[in-house]
Amino acid sequence: MINDSKKNPRLAFVLVTMLFLTWGMANNMNDTLLAAFKRIMSMSDLQTSLVQFAYYGSYFCFAIPAALFIRRFSYKSGIILGLLLYAAGTMLFTPAGNVGSYKFFLVAIYIMAGGCAILETTANPLIMALGRPETATRRLNIAQSFNPVGAIAGILLSRALILSELHDADAVERLVMSPEELAATQAHEFSAVSLTYMIVGIFLLLLTVVIILSPMTSERDDSKMNVSLRTAVASLWRNRRYRYGVVTQFFYVGAQTTVWSFVIRLAMQELNIREAAASDYILASVVLFTVCRFLFTWLMKIFKPAVLMAVASVGAMLMTLIVMLGSGSTAVSALVMISAFMSLMFPTIYGTAQAGITGGVAKIASSGLIMAIVGGALITPLQGYVSDLTGSVSLSFCVPLVCFIVTFIYSVWISNDDSKQ
């Protein structure tokens, strides 16, 4: 089949990069959604963390089917399927809000995340294929730099349309409300959540139409499609760089998810403010994350990606310790600063782990790295449990601290391995 991206690689790069904005939006709207559900339904930190469990658990389930789908059909088909499934999940927020069911919301989030998983499994290897192999990691960092731009848009949207609509009553005050008053309050709040995700769904459907009508790559390299799943997995298992990369990605995504999931909670605890005001700090975190990702991408012209990630891992560990041991604005500022050091980690782990892997095996390799995102599903509830158990959001940051230690070890190992070649 004709590879349209080779006819116009710049257009293909721009269109695929746009997709990075879409799942960035979903990722960080979840962070505000945790705070919203905690107030609306008077939940514990562990209960609200199920939002991330459903979201990132879906990544684990959809990654391999997504890889097999694009191997069987094409990159473009995978992108269209991902966008449609993502949109379907956002539309399900409306009936979930109408019945006020948390379980229904979790199903909607799971389906939405399935679409995001397909998009990530498709877009990451495609970006790496659109150019010279030696610049693939840097090219992926450029595309990933637009992911937090979508995250900023998602935070602004949810802050304006969801957090601003939450009633002032906390869990204790809601206990003394009459059933009618509580139902009316929750109905208004659920309506705000549903409307916000409906807007996102409409945007996704419009983007799907643009993708269908655009001459994006429809590559399907038939000469490489004969690689069986079993052969590909066996090949990848023998690749230590890849194998260690998947483990590191698991811990990194767990760290990022926990850090951003608890920004609002920590700011509320340390600064005695409400959700809408506390969302300023998650917004500041993502803005800093975005700026520093562009900065680190530029620095990759001078320094090796693994060296930069080792330095960033040390910075993240130090800031996490300050969050645990500090208080007030010092702890909150350190929490925001963690995002600066996290900014290069995901694409750098992805790029270094997948270096040198091509053809049909690359698509399976991509799905493995996307499956590792399940770290966000498993590690976030662990931090929620630690927070509930100790009664301290601050102490629960021992969980991401361990994760950053893993990214540091991997960075040092990659640096040593590169020096031997």
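All values below come from the heavy atoms of this structure, side chains included, with hydrogens, waters and symmetry mates left out. All residue numbers refer to positions in the sequence shown, counting from 1.
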Determine yes or no for a side-chain-to-main-chain donor-acceptor pair under 3.5 angstrom, with [X] supplying the side chain and [Y] the backbone.
| X | Y | result |
| --- | --- | --- |
| S333 | T330 | no |
| S191 | A187 | no |
| S164 | A160 | yes |
| Y410 | R241 | yes |

With a cut-off of 3.5 Å and sequence neighbours excluded, list every side-chain donor-acceptor pair involving residues 335-347.
unit_1, atom_1, unit_2, atom_2, d
S339, OG, W260, NE1, 2.8
S343, OG, A340, O, 2.8

Exceeds 12 heavy-atom contacts within 6.0 angstrom, atom OH of Y102: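 Yes, the 6.0 Å shell around OH holds more than 12 heavy atoms from other groups.
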OH/Y281: more than 12 non-hydrogen atoms of other groups inside 6.0 Å: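 No, because the 6.0 Å sphere around OH of Y281 holds 12 heavy atoms or fewer from other groups.
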Distance from [X] atom [atom1] to [Y] atom [atom2], nearest 0.5 Å?
| X | Y | atom1 | atom2 | value |
| --- | --- | --- | --- | --- |
| L395 | Q383 | CG | CD | 10.5 Å |
| M29 | L34 | CE | CG | 13.0 Å |
| S387 | F397 | OG | CZ | 9.0 Å |
| S194 | N98 | OG | CG | 6.5 Å |
| Y385 | T390 | OH | OG1 | 10.5 Å |
| T22 | F146 | OG1 | CZ | 14.0 Å |

side-chain hydrogen bond (donor to acceptor under 3.5 Å, both in side chains) contacts touching residues 78-92 (sequence neighbours left out): none
Do [X] and [Y] come within less than 4.5 Å of each other through their side chains, counting heavy atoms only?
| X | Y | answer |
| --- | --- | --- |
| Y55 | N27 | yes |
| F262 | V323 | no |
| L81 | T122 | no |
| L161 | I199 | yes |
| R39 | H167 | no |
| M198 | F93 | no |
| M41 | Q47 | no |
| V209 | L213 | yes |

CA sep, side-chain torsions, deciding dist, call: T380, Q52, side-chain hydrogen bond (donor to acceptor under 3.5 Å, both in side chains): CA-CA 7 Å; T380 307; Q52 304 292 31; 5.4 Å; no
Chi angles and distances behind the side-chain contact (heavy atoms from CB on, under 4.5 Å) call for M317, T320: CA-CA 5 Å; M317 287 187 284; T320 306; 5.7 Å; no
Partner residues of D388 under the salt bridge (Lys or Arg N to Asp or Glu O under 4.0 Å) criterion, sequence neighbours left out: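 Partners of D388 under the salt bridge (Lys or Arg N to Asp or Glu O under 4.0 Å) test: none.
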Non-neighbouring partners of R243 that pass salt bridge (Lys or Arg N to Asp or Glu O under 4.0 Å), sequence neighbours left out: none
Restricting to non-hydrogen atoms, name the atom on [X] and the atom on [Y] that form the minimum distance, rounded to 0.1 Å.
| X | Y | answer |
| --- | --- | --- |
| R174 | T185 | NH1-CG2, 4.0 Å |
| A36 | L166 | CA-CD1, 3.9 Å |
| A63 | M371 | CB-CG, 3.1 Å |
| I414 | A306 | CG2-CB, 3.4 Å |
| I70 | G78 | CG2-CA, 3.7 Å |
| A151 | V286 | CB-CG1, 3.5 Å |

Intermediate values then yes/no, side-chain contact (heavy atoms from CB on, under 4.5 Å), M324 and C398: CA-CA 7 Å; M324 294 175 60; C398 64; 3.7 Å; yes
From CA spacing to verdict: side-chain contact (heavy atoms from CB on, under 4.5 Å), M300, T348: CA-CA 10 Å; M300 284 181 186; T348 303; 3.3 Å; yes
Pair listing, salt bridge (Lys or Arg N to Asp or Glu O under 4.0 Å) test, anchored in residues 334-349, at least two apart: none
F250 and its side-chain contact (heavy atoms from CB on, under 4.5 Å) partner, picked from L369, I373, I349, I379: I379
Going by atom type alone, with no hydrogens or angles, which donor-acceptor pairs under 3.5 Å involve a side-chain atom of residues 103-121 and a protein atom two or more places apart or on another chain?
unit_1, atom_1, unit_2, atom_2, d
E120, OE2, W23, NE1, 3.4
E120, OE2, Y59, OH, 2.9
T121, OG1, A117, O, 2.7

Worked verdict on M319 versus V259 for side-chain contact (heavy atoms from CB on, under 4.5 Å): CA-CA 11 Å; M319 290 301 106; V259 167; over 6 Å; no
Any donor-acceptor N or O pair under 3.5 Å, side chains S313, T407: yes
